[in-house]
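I have placed the structure first, in the form of structure tokens, so that the comments after it can refer back to it.
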Amino acid sequence: MPASRRMRGDSCDPSPAAEPARPREWKAPVAAVARGMLPDSIIDRDKQPFTLPITAMMAQGQPLHDMVGDLVLPAAHCGNLFNAVHVKSLFERQTSRPTNQTAELLWSILILERWLAVRGLRL
């Protein structure tokens, strides 16, 4: 493909002349459409990461709390990787005194457990 027809950031283009698009350039078409419908402070702000409210989702009485209790505590697939007593302690701590750090640790174990289970793997 001629250099003039290459797209910026094309991962298949090994030439050093291809330069990646900048985040502001990616956002420009969306910003142009949204301008006038959304405040400029939203349109012009830097990119924001997408994060889940894991701590709130893992609160007692929420489905994710039960899922952690059902899947992480028995840890059928990744049980040999983690100390079961420590994992149970984390779960009890998250139930009684929730923190972002504890919720994120339990979330990571939950995702690993599910990933292994779906693939029929055990550690």
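From a predicted model like this one, the values you see are computed outputs, not experimental measurements.
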- prompt: If you round to the nearest 0.5 Å, how far is CG of Asn100 from CG of Leu105?
  reply: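 One finds 11.0 Å between CG of Leu105 and CG of Asn100.
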message: Return the CD1 to SG distance between Ile111 and Cys78, rounded to the nearest 0.5 Å.
response: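 Answer rounded to 0.5 Å: 11.0 Å.
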I'd like a table of donor-acceptor pairs (distance under 3.5 Å, sequence neighbours excluded) in which one partner is a side-chain atom from residues 82-91, with atom names and distances.
residue, atom, partner, partner atom, Å
Asn83, OD1, Val85, N, 2.8
Asn83, OD1, His86, N, 3.2

message: Please enumerate all residues that pass side-chain hydrogen bond (donor to acceptor under 3.5 Å, both in side chains) together with Arg93, with sequence neighbours excluded.
response: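 Applying side-chain hydrogen bond (donor to acceptor under 3.5 Å, both in side chains) to Arg93 gives none.
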query: Do the side chains of Leu116 and Val118 join up, straight or via other hydrophobic residues, at under 4.5 Å, putting them in one cluster?
result: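 In one cluster: no.
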- prompt: What are the two closest heavy atoms between Leu38 and Ile43, and how far apart are they?
  reply: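 What the structure gives for the nearest pair is O-CD1, 3.6 Å.
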Give every donor-acceptor pair under 3.5 Å between a side-chain atom in residues 29-37 and any protein atom, sequence neighbours left out.
residue, atom, partner, partner atom, Å
Arg35, NH1, Asp40, OD1, 3.1
Arg35, NH2, Asp44, OD1, 3.0

Pairs meeting criterion side-chain hydrogen bond (donor to acceptor under 3.5 Å, both in side chains) with involvement of residues 107-123, two or more places apart: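 For residues 107-123: His77-Glu113.
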message: Using modelled atom types and a 3.5 Å cut-off, is there a donor and acceptor pairing between side-chain atoms of Glu104 and backbone atoms of Ile54?
response: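 Flag not set: sc Glu104 to bb Ile54 has no pair under 3.5 Å.
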Return all side-chain donor-acceptor pairs below 3.5 angstrom for residues 56-71, not counting sequence neighbours, or 'none' if the list is empty.
residue, atom, partner, partner atom, Å
His65, NE2, Thr95, OG1, 2.8

